[in-house]
Amino acid sequence: MPRPTARSPLYKTKRWQTLRNKVLVRDTYTCQMCGTILRDGRSLPYSAVVDHLQPAGLRPDLFFDEGNLQAVCKSCHDGPCSSIEARHTDPETIKREKQAFVAIGYDATGRPTSPNHPWNAAP
């Protein structure tokens with residue numbers, strides 16, 4: 001299989017569209033990096049994107065592997081995901097960093113992480 005790119009015809013296939021929808025449902029239309037609810041569309045910051053944990057360009061054999069996919073918002077895909085991929089060439093390292101990413105200011109449940117936030121103040 002040739003190395004897929006963002007413009008790869010593989011993204012237009014029925015197989016990819018079916019798998020993409022399956023991942024979005026599995027992840028309850030929630031960004032796995034920042035926790036935001038995903039929306040339809042392509043250009044909004046919270047548009048739904050299905051990201052390859054190990055980039056398809058580095059691991060084309062995992063292109064259709066559901067375990068290598070996660071639902072993210074366009075903001076996280078274009079920001080942290082791209083930044084992580086630009087810093088590393090090892091697919092496993094990229095996957096680990098993406099999975100360990102926590103949006104600044106909030107934990108995975110959406111609770112503020114700052115001890116100074118009113119929600120975290122002692123009674």
Could you walk me through whether Val50 and Leu24 pass the side chain to side chain contact (heavy atoms under 4.5 Å, CB included) test, one step at a time?
CA-CA 7 Å; Val50 173; Leu24 291 171; 4.0 Å; yes
Find the distance between OG1 (Thr28) and CZ (Arg26) and round it off to the nearest 0.5 Å.
10.0 Å
Measuring from atom NZ of Lys74 to atom SG of Cys81, what distance do you get when rounded to the nearest 0.5 angstrom?
12.0 Å
Taking everything shown except Arg87 itself, do over 12 heavy atoms lie less than 6.0 Å from its CZ?
yes
Separation between OH of Tyr29 and CG of Asn21, rounded to the nearest 0.5 Å:
5.5 Å
Name the orientation class of the two ring planes belonging to Phe63 and Tyr11 (parallel below 30°, tilted from 30 to 60°, perpendicular beyond 60°).
perpendicular
Distance-minimising heavy-atom pair for Cys31 and Val72:
SG-CA, 3.6 Å
Nearest heavy-atom pair of Cys76 and Met33: which atoms, and what distance?
SG-CB, 3.8 Å
Linked, directly or transitively: Tyr46 and Val25 (ILVMFWY side chains, under 4.5 Å):
no
Quick one, Val23 and Glu66 - any side-chain contact, counting heavy atoms below 4.5 Å?
yes
Would you say the side chain of Leu62 lies within less than 4.5 Å of the side chain of His52, judging by non-hydrogen atoms?
no
Check each of Glu92, Lys98, Glu85, Arg96 against Gln54 using the side-chain hydrogen bond (donor to acceptor under 3.5 Å, both in side chains) test, and report the only one that passes.
Glu92
Report yes or no: does Asp27 contribute a side-chain atom to a donor-acceptor pair with the main-chain N or O of Gln70 at less than 3.5 Å?
no
Kindly say whether Gly79 contributes a backbone atom to a donor-acceptor pair with the side chain of Ser83 at under 3.5 angstrom?
no
Neighbour count above 12 (heavy atom, 6.0 Å) for Asp40 CG:
no
Can you name the nearest heavy-atom pair linking Gly67 to Leu53, along with the distance?
O-CD1, 3.9 Å
Heavy-atom closest pair, residues His88 and Glu97
NE2-OE2, 2.6 Å
Closest non-hydrogen atom pair between Leu38 and Ser47, with its separation
CD2-O, 4.2 Å
Restricting to non-hydrogen atoms, name the atom on His77 and the atom on Asp51 that form the minimum distance, rounded to 0.1 Å.
CD2-OD1, 3.5 Å
Please assess Leu10 against Trp16 for the test side chain to side chain contact (heavy atoms under 4.5 Å, CB included), listing each intermediate value before the final yes or no.
CA-CA 7 Å; Leu10 292 173; Trp16 171 255; 5.8 Å; no
Would you check, one step at a time, whether the test side chain to side chain contact (heavy atoms under 4.5 Å, CB included) holds for Leu69 with Leu19?
CA-CA 9 Å; Leu69 301 172; Leu19 181 58; 3.5 Å; yes
Thr30 side chain to Thr36 main-chain N or O, any donor-acceptor pair under 3.5 Å?
no
Under 3.5 Å, side chain of Arg59 to main-chain N/O of Gly57, donor-acceptor pair present?
no
Do Cys73 and Cys34 pass the side chain to side chain contact (heavy atoms under 4.5 Å, CB included) test, and can you show the C-alpha distance, the side-chain angles, and the key distance before you say yes or no?
CA-CA 8 Å; Cys73 65; Cys34 72; 3.9 Å; yes
